Amino acid sequence: MSAFKSDFLRIMSERGFIHQISDESGLDQLFAKETVTAYIGFDPTAPSLHAGGLIQIMMLYWMQQTGHRPVALMGGGTGMVGDPSFKEEARKLLTVETIQSNIDGIKQVFSSYLNFGDGPRDALMVNNAEWLLPLNYLEFLRDVGQHFSVNRMLAFDSVKQRLDREQSLSFLEFNYMILQAYDFVELNKRYDVRLQMGGSDQWGNIINGIDLGHRLGTPQLYALTTPLLTTSSGAKMGKSLGGAIWLNADMLSPYDFWQYWRNTEDADVGRFLKLYTTLPLAEVSRLASLGGSEINEAKKVLATEITALLHGRAAAELAAETARKTFEEGALAETLPSVDVANSTLEAGVGILSLLVTAGLASSNGEARRHVQGGAVRLNDQPVSDERRSVTLQDLSPENVIKVSLGKKKHILVRPA
RNA sequence: GGAGGAGUGCCCGAGUGGUUAAAGGGGACGGACUGUAAAUCCGUUGGCUUAGCCUACGUUGGUUCGAAUCCAACCUCCUCCA
């Protein structure tokens with residue numbers, strides 16, 4: 001990797017964000033010379049982004065920190081089509097209502113990382129539905145469609161792979177990359193966006209936008225992609241402990257979010273510290289070089305720093321303290337995630353199986369039963385072997401809660417309400 | 001439009017009339033070992049009021065004592081021909 005002159009690219013490079021850049025020196029000069037506006041698109045396929053999207057958000061964060069203007073693009077329009085890049089089959093079409101509510105959910109997260117506003121360096125959030133929805137098909141074909149070569153689009157890896165595997169690609173999906181290319185050009189016109197960033201799977205889509213820009217006479221546009229994130233053992237990022245690592249607090253508590261990062265594989269600690277925290281690189285390399293069990297300290301720092309960026313310093317430290325009490329002291333941490341159960345229900349007694357389901361530790365009574373049979377369930381730290389065990393007010397601890405555990409790591413407090 | 005092939009559980013993939021809730025693998029979850037890690041080993045992996053019942057092999061019907069397995073129509077995808 002060459003030495004970059006601009007702060008932004010230097011940081012991106014040092015911290016491991018860069019996979020490919022369309023024109024390194026050209027982009028570097030641009031960043032060194034003026035305030036650059038760059039965007040990343042987020043498709044509203046779920047009510048929250050998950051850990052996989054964090055790397056993109058961090059890029060926007062660094063943009064703003066180095067004096068540039070980040071744009072978060074909500075794919076309200078493209079979400080209606082669905083990105084086929086590297087996908088094996090078509091996604092189910094989302095309804096307009098779902099897309100809108102997903103956008104509403106996704107939006108929340110950005111304010112933790114970016115300052116939005118109308119100033120020259122304030123971040124922007126825009127929705128491509130704004131310009132895609134009103135498009136007139138024939139006009140669009142003539143103005144934009146004429147510039148696309150199907151031959152060329154078919155040659156892109158993101159599409160080719162699908163065709164090679166003899167899986168069908170609908171015309172609808174095929175249009176996705178054209179819309180994304182159009183977005184890039186439109187954002188250039190509207191906000192002087194010069195750069196589009198994204199995951200490495202977006203390379204083809206971004207390049208299409210650059211080409212379209214050439215033909216429609218925009219200034220030179222640029223592409224920057226991030227590496228595809230996997231853990232060192234090859235697993236995809238963002239899934240663990242029975243579900244996706246959502247960024248929205250109402251879908252995954254700050255404590256559980258903290259726990260996810262706390263359980264990072266040893267080999268990933270340094271890489272993740274660079275990508276997901278803002279700690280100075282010297283500190284990162286010190287932490288990452290800790291050997292043996294000492295690296296657990298680095299994992300705690302990692303977890304706390306990431307959580308602090310997303311949910312705030314206070315929530316992060318609370319999560320760290322909760323974990324410390326639970327795992328290091330073996331004490332009851334009253335700040336563990338909890339569920340409320342009606343007092344009357346507890347009075348009458350509730351079966352351990354349905355309590356596990358209520359607590360979200362099992363998705364069905366059958367699964368809960370298997371967990372009990374497998375010896376994974378504990379009630380107030382006491383193993384439960386009887387699947388007919390009834391849980392009542394008698395089980396309340398002095399703190400007025402019941403601790404339900406599945407395995408060693410998942411603990412939920414049941415609170416009478 | 002014609003001919004042929006395919007559609008199985010979270011995913012991949014066996015299975016061509018009966019002990020098939022369906023081999024095997026992956027993933028996921030639990031356990032052991034550790035350091036709340038990785039690797040490794042073991043177990044579990046449709047639902048329920050669980051010695052039983054219900055739902056399930058693209059959809060809908062049919063044949064049969066009995067079907068994922070046979071038949072018909074339909075839907076979707078693939079290949080070749082036009």
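Note on naming: letters A, B, ... go to the chains in the order of the sequence lines (proteins, then strands), and numbering restarts at 1 for each one. These figures come from a predicted structure and were not determined experimentally.
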### Query
Of all of residues 319-328 of chain A, which get a heavy atom below 4.0 angstrom from RNA chain B, listed by number?
A:Ala323, A:Phe327
#### Entry: Of all pairs that satisfy ring-ring contact (aromatic ring centres under 6.0 Å, His included), the ones with a partner from residues 376-403 of chain A, not counting sequence neighbours
none
### Query
Expressed in whole Å, how much space separates the C1' atoms belonging to B:G62 and B:G13?
30 Å
### Query
Say you pick atom C1' in B:G18 and the same atom in B:U79; how far apart are they, in whole Å?
36 Å
### Nearest-Å distance for atom pair CG/C1', residues A:Asp268 and B:G35
16 Å
### Query
Nearest to the side chain of A:Gln259 - B:G47, B:U36, B:G31?
B:U36
## Note on the structure
Hits for ring pair (Phe, Tyr, Trp, His ring centres under 6.0 Å) against A:Phe116, two or more places apart or cross-chain, chain-then-number order -> none
### Message
Side chain of A:Ser364 only, heavy atoms from C-beta on: which candidate in B:C48, B:G35, B:G46 is closest?
### Response
B:C48
### Task
Would you check if A:Leu332 and A:Ser397 make a side-chain contact, meaning some heavy-atom pair closer than 4.5 Å?
yes
### A:Lys409 vs B:A37: side-chain N/O to OP1/OP2 distance below 4.0 Å
yes
### Euclidean distance for C1', B:C29 against B:C10 (whole angstrom)
13 Å
### Message
Closest approach to the side chain of A:Lys408, judged atom by atom: which nucleotide of B:G31, B:G30, B:G35 is it?
### Response
B:G31
### Message
As a test of your reading of the structure, name each stem of RNA chain B as range with range, where a stem is three or more consecutive Watson-Crick or G-U pairs at under 3.5 Å.
### Response
B:1-7 with B:75-81, B:10-12 with B:24-26, B:27-32 with B:40-45, B:46-48 with B:52-54, B:58-62 with B:70-74
### Query
Want to settle it: does A:Tyr255 or A:Arg378 sit nearer the 5' end of RNA chain B, counting the closest nucleotide to each?
A:Arg378
Might you list the N or O atoms of the protein lying below 3.5 Å from N or O atoms in nucleotides 50-55 of chain B, with each pair's distance?
residue, atom, partner, partner atom, Å
B:U50, O4, A:Arg369, NH1, 2.2

## Note on the structure
In whole angstroms, the gap separating P of B:G46 from CD of A:Glu367 amounts to 10 Å
### Task
Can you tell me, in whole Å, how much space there is between the P of B:A72 and that of B:A3?
14 Å
### Query
How many Å lie between CZ on A:Phe272 and P on B:A37, as a whole number?
16 Å
### Task
Calculate the interatomic distance between A:Gln373 atom CD and B:G30 atom C1'; express it in whole Å.
12 Å
### Given A:Ile352, A:Leu353, A:Leu356, the one that forms side-chain contact (heavy atoms from CB on, under 4.5 Å) with A:Arg369
A:Leu353
### Query
Between A:Asn128 and A:Thr78, does any side-chain donor sit less than 3.5 Å from a side-chain acceptor?
yes
### Query
Where the side chain of A:Asp266 is defined as all heavy atoms beyond and including C-beta, which of B:G35, B:G30, B:U36 is the nearest nucleotide?
B:G35
### Message
Under 4.0 Å, heavy atoms only, any strand: does A:Gly375 hit a base, just the sugar-phosphate, or nothing?
### Response
nothing
### Task
Return the set of residues passing ring pair (Phe, Tyr, Trp, His ring centres under 6.0 Å) with A:His311 (not counting sequence neighbours), or none when no residue passes.
A:Phe257
## Note on the structure
Rounded to the nearest 0.5 Å, the CG atom of A:Leu413 sits from the CD atom of A:Glu399 at a distance of 9.5 Å
### Task
Can you tell me which residue pairs pass the salt bridge (charged side-chain N to carboxylate O under 4.0 Å, His left out) test with a partner in residues 297-307 of chain A, sequence neighbours excluded?
A:Asp266-A:Lys299, A:Glu297-A:Lys300, A:Lys300-A:Glu328, A:Glu305-A:Arg313
### Query
Does a nitrogen or oxygen in the side chain of A:Lys410 sit under 4.0 Å from OP1 or OP2 of B:G30?
yes
### Message
I'd like to know if the side chain of A:Asn248 reaches the main chain of A:Gly105, judged simply by a donor and an acceptor atom lying under 3.5 Å from each other, with no hydrogens or angles considered.
### Response
yes
### Message
Distance check needed: B:G47 P versus A:His371 NE2, whole Å only.
### Response
11 Å
### Query
To the nearest 0.5 Å, how far apart are CD1 in A:Ile57 and CG in A:Leu247?
5.5 Å
### Task
Can you sort out the partners of A:Ile11 under side-chain contact (heavy atoms from CB on, under 4.5 Å), two or more places apart, ordered by chain and number?
A:Arg15, A:Trp62, A:Thr66
### Check: A:Trp246 and A:Leu49 side chains under 4.5 Å, non-hydrogen atoms
no
### Query
Between atom CG in A:Asn296 and atom P in B:U34, what is the gap in whole Å?
15 Å
### Task
Rounded to whole angstrom, note down the P distance from B:A67 over to B:A56.
13 Å
Show me the side-chain donor-acceptor pairs of residues 281-294 of chain A shorter than 3.5 Å, one per line, residues at least two apart or across chains.
residue, atom, partner, partner atom, Å
A:Glu283, OE1, A:Arg286, NE, 3.3
A:Glu283, OE2, A:Arg286, NH2, 3.2
A:Ser285, OG, A:Leu281, O, 3.2
A:Ser285, OG, A:Ala282, O, 3.0
A:Ser289, OG, A:Ser285, O, 3.2
A:Ser289, OG, A:Arg286, O, 2.8

### Query
Closest to the A:Arg370 side chain: B:U36, B:A32, B:G47?
B:G47
What donor-acceptor contacts under 3.5 angstrom involve side-chain atoms of residues 133-143 of chain A, with partners at least two apart or in another chain?
residue, atom, partner, partner atom, Å
A:Asn136, OD1, A:Leu138, N, 3.0
A:Asn136, OD1, A:Glu139, N, 3.0

### Task
Would you kindly give the CG-to-P distance between A:Asp256 and B:C29, to the nearest whole Å?
13 Å
#### Entry: Residues within residues 300-316 of chain A bordering RNA chain B, heavy-atom distance below 4.0 Å
none
### Query
Quick check, are the ring centers of A:Phe42 and A:Phe110 under 6.0 angstrom apart?
yes
### Task
In whole angstrom, give the distance that lies between atom CD1 of A:Ile295 and atom C1' of B:U36.
14 Å
### Task
Could you measure between the two P atoms, the one in B:G47 and the one in B:A38, and give it in whole Å?
26 Å
#### Entry: All ring pair (Phe, Tyr, Trp, His ring centres under 6.0 Å) counterparts of A:Tyr222, not counting sequence neighbours
none
